[in-house]
Amino acid sequence: QVLLAESGGGLVQAGGSLRLSCTASGRPSSSYSMGWFRQASGKDREFVTVISRSGSRTVYADSVKGRFTISRDDAKNMVYLQMNSLEPEDTAVYYCAASHGAGPIPREGAFDYWGQGTQVTVSS
């Protein structure tokens, strides 16, 4: 079983940038495809992005395409989410997730493990 811990959230002004990190422990991150999801207050959790186990393929939600970038460093058991040109609509709790599948599958049900989340707040 892998344990996931997110970090890097915070308060940023619209147009700014943040980089979220996800640390995997217990099992190597290279065993999983990895994704990011988010949940805004009062809304369902939604898919943001996923990277395949090999790191060769990625999928992004239309709402973040061109602004967010997912990457992984399996030597460090880390996954990152670089978020640029942030908008108030990006405000949410961001969750890191791991899937046993090779991926990338942009669907919440495909993921087996979840972190506790980190808050991102974008002010206008």
- Would you name the heavy atoms of Ser124 and Ala14 that are closest together and state the gap between them? CA-CB, 4.3 Å
- Return the minimal non-hydrogen interatomic distance between Gly117 and Val93, and the atom names on each side. CA-CG1, 3.8 Å
Under 3.5 Å, sequence neighbours excluded: what are the donor-acceptor pairs made by side chains of residues 99-112?
{"from": "Ser99", "atom 1": "OG", "to": "Gly101", "atom 2": "N", "distance (Å)": "3.1"}
{"from": "Ser99", "atom 1": "OG", "to": "Ala110", "atom 2": "O", "distance (Å)": "2.8"}
{"from": "His100", "atom 1": "NE2", "to": "Tyr113", "atom 2": "OH", "distance (Å)": "3.1"}
{"from": "Glu108", "atom 1": "OE2", "to": "Arg45", "atom 2": "NE", "distance (Å)": "3.2"}
{"from": "Glu108", "atom 1": "OE2", "to": "Arg45", "atom 2": "NH2", "distance (Å)": "2.9"}
{"from": "Asp112", "atom 1": "OD2", "to": "His100", "atom 2": "N", "distance (Å)": "2.8"}

Hey, quick one: are [X] and [Y] part of the same hydrophobic cluster, counting side-chain heavy atoms closer than 4.5 Å, chains of contacts allowed?
{"X": "Val48", "Y": "Val12", "result": "yes"}
{"X": "Leu20", "Y": "Tyr80", "result": "no"}
{"X": "Phe37", "Y": "Leu18", "result": "no"}
{"X": "Val2", "Y": "Tyr95", "result": "no"}

- Item | Pairs flagged by side chain to side chain donor-acceptor pair (under 3.5 Å) wherever residues 1-13 is involved - sequence neighbours left out |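 Sorted pair list comes back empty.
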Output all residues satisfying side chain to side chain contact (heavy atoms under 4.5 Å, CB included) with [X], sequence neighbours left out; order by chain, then residue number.
{"X": "Asp90", "result": "Arg38, Arg67, Phe68, Leu86, Glu87, Tyr94, Val122"}
{"X": "Thr58", "result": "Ile51, Tyr60, Ile70"}
{"X": "Lys43", "result": "Ala40"}
{"X": "Ser29", "result": "Ala24, Arg72, Asp74, Asn77"}

Who are the side chain to side chain donor-acceptor pair (under 3.5 Å) partners of [X], not counting sequence neighbours?
{"X": "Ser31", "value": "none"}
{"X": "Gln119", "value": "Thr121"}
{"X": "Asn84", "value": "Ser17, Gln82"}
{"X": "Ser56", "value": "Ser54"}

- Task: For Asp44, enumerate each residue passing the salt bridge (charged side-chain N to carboxylate O under 4.0 Å, His left out) test, keeping only those at least two apart in sequence or located in another chain.
- Result: none
- residues 26-63 vs disulfide (SG to SG under 2.5 Å), sequence neighbours excluded, gives none
- Task: Would you mind telling me which of Thr49, Leu81, Leu4 makes a side-chain contact (heavy atoms from CB on, under 4.5 Å) with Met34?
- Result: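 The passing option is Leu4.
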- Taking it one step at a time, do Cys96 and Trp36 satisfy side chain to side chain contact (heavy atoms under 4.5 Å, CB included)? CA-CA 5 Å; Cys96 176; Trp36 288 94; 4.0 Å; yes
